[in-house]
Amino acid sequence: MTRVNLIWMSCLLLLAAGVACTATDTQIERWASKFAQPAIEVTADELYRDYVRDGETATDTYEGRRVRITGTVFEIRDDDDFEPVVEFDVGQDAFAFQSLIAQFAERHRDYLETLDVDDEITTVCYVPVEDMATFDFESVTSLRMCQPIT
């Protein structure tokens with residue numbers, strides 16, 4: 001490995017360590033306890049509208065939690081990392097910048113390819129720990145680590 005690569009790797013590790021240390025122990029404990037709780041049952045429309053109506057309250061409710069979400073398929077495609085995603089129908093049109101997206105692992109591709117637009121899907125997803133209150137929910141919002149319920 002070249003010295004330049006070693007320096008870059010060291011810098012990246014230090015940066016990652018610094019980011020990881022920005023969360024306090026109290027925040028980490030709160031997120032861990034939220035993730036351990038049973039999944040919140042919600043429709044795609046309800047989840048989306050909760051964030052649009054009051055992002056801070058929705059963040060307190062959903063951030064770091066698992067949700068069992070049911071909704072109608074608007075589109076199925078690959079994301080920027082070539083992982084399959086399902087975009088839920090939350091009243092958008094083809095030109096809208098608002099959507100709710102569930103990201104799935106590659107192993108779920110075969111199941112997702114059996115779905116069509118307007119099919120209903122139920123999945124358990126994780127709402128990522130991000131500062132969603134400052135996140136522009138009028139754009140793409142991703143649910144992570146989704147597992148389809150078949």
Side-chain angles (χ1 to χ4, degrees), residues 9 12-150:
M9 287 178 56
L12 288 173
L13 285 172
L14 289 172
L15 179 63
V19 169
C21 293
T22 61
T24 65
D25 288 343
T26 305
Q27 286 174 316
I28 293 169
E29 289 170 5
R30 190 182 88 226
W31 295 333
S33 70
K34 281 183 165 185
F35 188 73
Q37 296 172 1
I40 299 171
E41 293 203 25
V42 65
T43 67
D45 285 334
E46 290 169 336
L47 180 62
Y48 179 77
R49 296 197 195 307
D50 284 351
Y51 273 99
V52 170
R53 183 175 35 254
D54 185 351
E56 288 185 35
T57 300
T59 296
D60 288 341
T61 303
Y62 298 111
E63 176 185 71
R65 293 286 306 270
R66 288 175 298 130
V67 292
R68 181 184 171 122
I69 187 166
T70 301
T72 303
V73 173
F74 180 78
E75 183 179 26
I76 300 171
R77 65 177 184 281
D78 286 346
D79 65 8
D80 293 339
D81 296 323
F82 305 103
E83 298 281 332
V85 297
V86 170
E87 183 174 349
F88 289 101
D89 185 349
V90 291
Q92 75 273 38
D93 61 29
F95 304 103
F97 291 105
Q98 44 183 275
S99 61
L100 181 65
I101 292 179
Q103 294 179 325
F104 293 84
E106 184 65 34
R107 68 181 177 273
H108 300 297
R109 183 177 299 281
D110 289 342
Y111 169 73
L112 297 174
E113 288 177 351
T114 67
L115 299 174
D116 292 315
V117 172
D118 294 330
D119 282 351
E120 186 172 277
I121 182 174
T122 299
T123 182
V124 174
C125 298
Y126 172 72
V127 179
V129 175
E130 297 172 349
D131 189 2
M132 299 292 272
T134 60
F135 187 77
D136 180 9
F137 215 85
E138 294 293 317
S139 60
V140 175
T141 304
S142 297
L143 302 168
R144 307 247 197 311
M145 299 186 307
C146 297
Q147 304 284 324
I149 306 295
T150 56

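As the structure is a computational prediction, the values presented were derived from the model and not from experiment.
Pairs engaging residues 116-129 under the salt bridge (Lys or Arg N to Asp or Glu O under 4.0 Å) rule: none recorded [sequence neighbours left out].
Tested against Thr70 for a side chain to side chain donor-acceptor pair (under 3.5 Å), the candidates Thr123, Thr122, Asp45, Thr43 yield a single pass: Thr122.
Here the side chains of Leu100 and Phe74 are not in contact, with every heavy-atom distance at 4.5 Å or above.
Atom CG of residue Leu115 and atom CD1 of residue Ile76 lie 4.5 Å apart, to the nearest 0.5 angstrom. Note that the CZ atom of Phe104 and the CD atom of Gln147 stand 8.5 Å from one another [nearest 0.5 Å]. Taking CZ of Phe88 as the start and CG of Leu47 as the end, the distance is 9.0 Å to the nearest 0.5 Å.
With sequence neighbours left out, the side-chain hydrogen bond (donor to acceptor under 3.5 Å, both in side chains) criterion links Thr72 to no other residue. Remark: Val85 engages Arg77, Asp79, Ile101, Gln103 in a side-chain contact (heavy atoms from CB on, under 4.5 Å) (not counting sequence neighbours). Residues satisfying the salt bridge (Lys or Arg N to Asp or Glu O under 4.0 Å) criterion with Arg109, sequence neighbours excluded, are Asp78, Glu106. For Arg107, there are no salt bridge (Lys or Arg N to Asp or Glu O under 4.0 Å) partners two or more places apart in sequence or in a different chain. Residues passing the salt bridge (Lys or Arg N to Asp or Glu O under 4.0 Å) test with Asp50 are Arg53, sequence neighbours excluded.
A pairwise comparison of heavy atoms in Ala39 and Arg65 identifies C-NH2, 4.5 Å as the closest pair. Shown here for Cys146 and Leu143, the closest heavy-atom pair between the two residues is SG-O, 3.6 Å. Closest of all the heavy-atom pairs between Pro128 and Glu63 is O-CG, 3.9 Å. Contact between Thr150 and Tyr111 at its shortest, heavy atoms only, is CG2-CE1, 3.3 Å. Residues Ala102 and Cys125 share a closest heavy-atom pair of CB-SG, 4.0 Å.
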May I have the step-by-step check of side-chain contact (heavy atoms from CB on, under 4.5 Å) for Thr61 and Ile40, ending in yes or no? CA-CA 9 Å; Thr61 303; Ile40 299 171; 4.3 Å; yes

